[in-house]
There are 2 protein chains.
Amino acid sequence: MMNKPLRPGNSAAIEELRALLGEHLSTGPSILDAHGRDQGYAEQHLPDAVVFPGSTQEVSQIVKICARHGCPVIPYGTGTSLEGQVIPVSGGISLDLSRMNRVIDIHEKDLDAVVQPGVTRTQLNDALRSSGLMFTVDPGADASMGGMASTRASGTNTVRYGTIRENILALEVVLPDGEIIRTGSRARKSASGYDLTHLFIGSEGTLGIITELTVRLHGLPESILAATCAFPTISAAVDTVIMAIQCGLPMARIELLDEVQMRGMNLLHSDLGLQETPYLFLEFHGSETGVKEQVETFREIADGFEATDFQFAARMEDRNRLWAARHQAYFAAKALRPGASGLVTDCCVPISELARCIHRTKQAIGISGLVAPLTGHVGDGNFHLVILVDPDDAADLRAAQDLAGTINRIALSLGGTVTGEHGVGTGKRKYMEAEHGAAYALMQRLKAAIDPDGIMNPGKMV
Amino acid sequence: MMNKPLRPGNSAAIEELRALLGEHLSTGPSILDAHGRDQGYAEQHLPDAVVFPGSTQEVSQIVKICARHGCPVIPYGTGTSLEGQVIPVSGGISLDLSRMNRVIDIHEKDLDAVVQPGVTRTQLNDALRSSGLMFTVDPGADASMGGMASTRASGTNTVRYGTIRENILALEVVLPDGEIIRTGSRARKSASGYDLTHLFIGSEGTLGIITELTVRLHGLPESILAATCAFPTISAAVDTVIMAIQCGLPMARIELLDEVQMRGMNLLHSDLGLQETPYLFLEFHGSETGVKEQVETFREIADGFEATDFQFAARMEDRNRLWAARHQAYFAAKALRPGASGLVTDCCVPISELARCIHRTKQAIGISGLVAPLTGHVGDGNFHLVILVDPDDAADLRAAQDLAGTINRIALSLGGTVTGEHGVGTGKRKYMEAEHGAAYALMQRLKAAIDPDGIMNPGKMV
């Protein structure tokens, strides 16, 4: 990856930033390289420099300097985005928040915590260990809180505990002119003023930089039971989930894995002893009797849809083994085509349309001739394909991208969205107009109102 | 209430609107009078005309006409706002959405419904009767869906089911230039684009007019049990609630009534036979065994805080009697001072600060010499005073307003908000800067970007 010639404004900004930050500014090649890519498929672009602020005040000073010089600022958490969100497509400063990684406060009575944006989800849960509380949003990566907020992340617990959208009470944000604002409060609800908190959640660093978050916590359940069961068809699995939700069953996790994904799982985890047919992986949270009751009700419903091979895991190590296998789905998928890498899709539809969406998706996979195992947060109507591609074969990659495009159009035609949890970045920008229609122009007006010079993460989302 | 002379622009707009709408435009004195007030304390101001559109297209045409003439547009639902939200403070057109009252679709598998903004909450629940589903947001009034969305309403079920903020998936909105946009989709989650849905929720008609809503529904619980119990002090009641929440007890309702409110309740409902000491009114939802277990756990916790006088109501008529009494709290309060009317406060603080906030509030009431019973959605940290005032005594009203101001400042000093669920309107505008600091200026920038001519509900919120 060649670097473009440095814009004079950027160069002047870097000089000022170096004076401010000293060793906390880097232009070392390996640092630039790491901040020029993410975990997805977008092309690498190097930042002109990487800064590592230690405080909100420092973020504000950095942004003020960059604003004065029209130098782009790209917030960076753990670099685990999948749609190019952290990539400096037109150069500028990568603003790495990893030094701002302090858990500031845990309020046990209020079930909330105040954290800096560089705190990761496992770090927060480690800090909560003695409190009996947990932070529930769990994307595949050990992402940072600021990054998860910025891409409106979710994960396997969403059906019960919500996405990050429902788990943030308040933010501190540095605006594109360097001003520091606070949105929301620790009060559980408020009818006061425009909902700026939700405006910044999911805005991918294009409106400002999140420098502090107040997040909701949940009590650790008294009892947890994990389970798996097999279904003859994906429709049977989906119908089981729909009925369980309609019955008000408060399942904590309901994950779908299709027969192709299960073949990969068996290659990676031969000890699980599961069949190569669609499976649900489930978890039930509650009191001891509550969990038992949930499982019984679920089993009755699933029996009605010809489920087989029920297996339960109550002990923590067995549960962890099961969920570790689920969380490694990406690597299991890759085991199906050694040497391949995976292009991941992320559409989400109303759950009543999920079976139809998956059916059409599978027809499209068949036509493409590609291998693309499927996993789904089925309670939310969200599913991923890992389309396996040979990274050195341009035709293969193009076919995968065509398939992804087909699937995104199917999701939109069924009243869904092209991204349930991975975000827009550069990768999904081309679908924004189709998904949002005239509302997309309003988004662009908001961007122009908040960041008139367009220095915040340019080239993303809007 | 005298009407001001008609602005020429408004007059021209009304002529065009009359040609468009015929009998669905009114300038009749009683219609103007009804659309010039709400249920709160703000001064009456008459609209120049009231329009009753029948469709989104008609709303768009009306707004285009008004925009061309710079004529204010004030959306109107059921007129049950408490902070002057529907009052045309500078004249213009009151846009009454009561004809747009169709439940368009109920998606039982997806647990959502699509409704027009004039549908009221009881109307939707009536339409859901055969589906086994319910819409849970329940402010005191039988408000319209558009109105509840616009003021970010909540109610007694929030602790379990969330405010309206968590119960709206998508909106259709007519912007201040008449353009129609759709925000969100029926997919349960999305990481695509700025969260316009939440930007319009709580914006009190200052950014556009909500013309359709997709709302979340919840399954009717298999079993419901209501309960009441008495506490020696408010702190004991609050501590009980905090511990119950920490234990993960999924209570559906937890309402606090103080000893003054209980005295009013006994005046109005002598048959309830309750003591004049702080009470919690509760409701548990779940399976039959789940509810039993919840009640047992709750009772154990409450016993630890010296609760007495447990009473339970499982039969629907007994539950309804209890909750009818709770919902009539306002009238019970007024029974304490016959002839008085009530000025209602609405602050909300982190629950760990609630006992302290109430303690300081009671000190302030004592100093004021006023009678002000207290009810609280204690699980959310939100409580209301009904400050009883003689409507014909200006000094009395001023003292009540001073007391309300003191309480709002107490809430802000404890990290809370001046409004948990009633909104800002004209009544709480003066607190916005104190509550939001520099973020208030950003709200004003957003208002200017979306409604540059300021025709949407001018004089409210921003």
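In what follows, chains carry the letters A, B, and so on, assigned in the order in which the sequence lines appear, proteins first and then strands, with residues in each chain numbered from 1.
- Using a 4.5 Å cut-off between heavy atoms, Ile450(A) contacts chain B through both its backbone and its side chain.
- Highest contact tally toward chain B, considering only Cys347(A), Gly423(A), Ala411(A), Gly219(A), is held by Gly423(A) [criterion: heavy-atom pairs under 4.5 Å].
- The residue among Ala438(B), Gly248(B), Gly420(B), Ala449(B) with the most heavy atom pairs within less than 4.5 Å of chain A is Gly420(B).
- When all heavy atoms of Lys189(A) and Arg165(B) are compared, the closest pair comes out as CA-NH2, 4.5 Å.
- No more than 12 heavy atoms of other residues, nucleotides or ligands shown are found within 6.0 angstrom of CD on Glu288(B).
- With rounding to the nearest 0.5 Å, the separation of CG in Leu249(B) from OG in Ser287(A) is 9.5 Å.
- When all heavy atoms of Gly193(B) and Met443(A) are compared, the pair lying nearest together is CA-SD, 3.8 Å.
- Neither the backbone nor the side chain of Thr183(A) comes within contact range of chain B, judged by heavy atoms closer than 4.5 Å.
- Listed here is the closest heavy atom pair of Cys348(A) and Ala187(B): O-CB, 3.6 Å.
- When heavy atoms are compared at a cutoff of 4.5 Å, Glu421(B) approaches chain A by way of both its backbone and its side chain.
- Residue His107(A): no heavy atom, backbone or side chain, is found under 4.5 Å from chain B.
- Within a 6.0 Å radius of CE in Met134(B), other residues, nucleotides and ligands contribute more than 12 heavy atoms.
- Across Leu196(B), Leu175(B), Thr163(B), the residue that shares the most heavy-atom pairs under 4.5 angstrom with chain A is Leu196(B).
- When heavy atoms are compared at a cutoff of 4.5 Å, Phe200(A) approaches chain B solely by way of its side chain, counted from C-beta outward.
- Nearest heavy-atom pair across Ala439(A) and Ile181(B) is N-CG2, 3.8 Å.
- In this structure, no portion of Val173(A) lies under 4.5 Å from any heavy atom of chain B.
- Smallest separation of non-hydrogen atoms from Ala191(A) and Val424(B): O-CG2, 3.8 Å.
- Between Asp195(A) and Arg152(B), the closest side-chain pair of non-hydrogen atoms falls below 4.5 Å.
- Leu446(A) places a side-chain heavy atom less than 4.5 Å from the side chain of Leu199(B).
- In this structure, chain B has heavy atoms under 4.5 Å from both the backbone and the side chain of Glu108(A).
- For the set Asp112(A), Thr289(A), Thr151(A), the entry with the most heavy-atom pairs within less than 4.5 Å of chain B is Thr289(A).
- At most 12 heavy atoms of other shown residues, nucleotides or ligands fall within 6.0 angstrom of atom CD in Glu433(A).
- Nearest heavy atoms, Ser190(A) versus Glu435(B): OG-OE2, 3.9 Å.
- With respect to Ser192(A), the side-chain contact (heavy atoms from CB on, under 4.5 Å) criterion is satisfied by exactly one of Lys428(B), His422(B), Met432(B): Met432(B).
- Glu166(A) places no side-chain N or O within donor-acceptor distance of the main-chain N or O of Glu166(B), the cut-off being under 3.5 Å.
- Of all the listed residues (Leu207(B), Thr197(B), Thr297(B)), the one sharing the greatest number of non-hydrogen pairs under 4.5 Å with chain A is Leu207(B).
- Using a 4.5 Å cut-off between heavy atoms, Thr158(A) touches chain B through its side chain atoms alone.
- Here the side chains of Tyr194(B) and Thr206(A) are in contact, with some heavy-atom distance below 4.5 Å.
- When each of His436(A), Glu83(A), Glu179(A) is checked for heavy-atom pairs under 4.5 Å with chain B, His436(A) comes out on top.
- Tested against Pro350(A) for a side-chain contact (heavy atoms from CB on, under 4.5 Å), the candidates Arg186(B), Arg188(B), Lys109(B) yield a single pass: Arg186(B).
- Looking only at heavy-atom pairs under 4.5 Å with chain B, the residue among Ser352(A), Gly379(A), Ser203(A), Ser185(A) that has the most is Ser352(A).
- Only the side chain of Leu442(A) comes within less than 4.5 Å of a heavy atom in chain B; its backbone stays farther off.
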(request) List the steps and the verdict of side-chain contact (heavy atoms from CB on, under 4.5 Å) for Leu111(A) and Ile351(B). (result) CA-CA 9 Å; Leu111(A) 277 68; Ile351(B) 192 169; over 6 Å; no
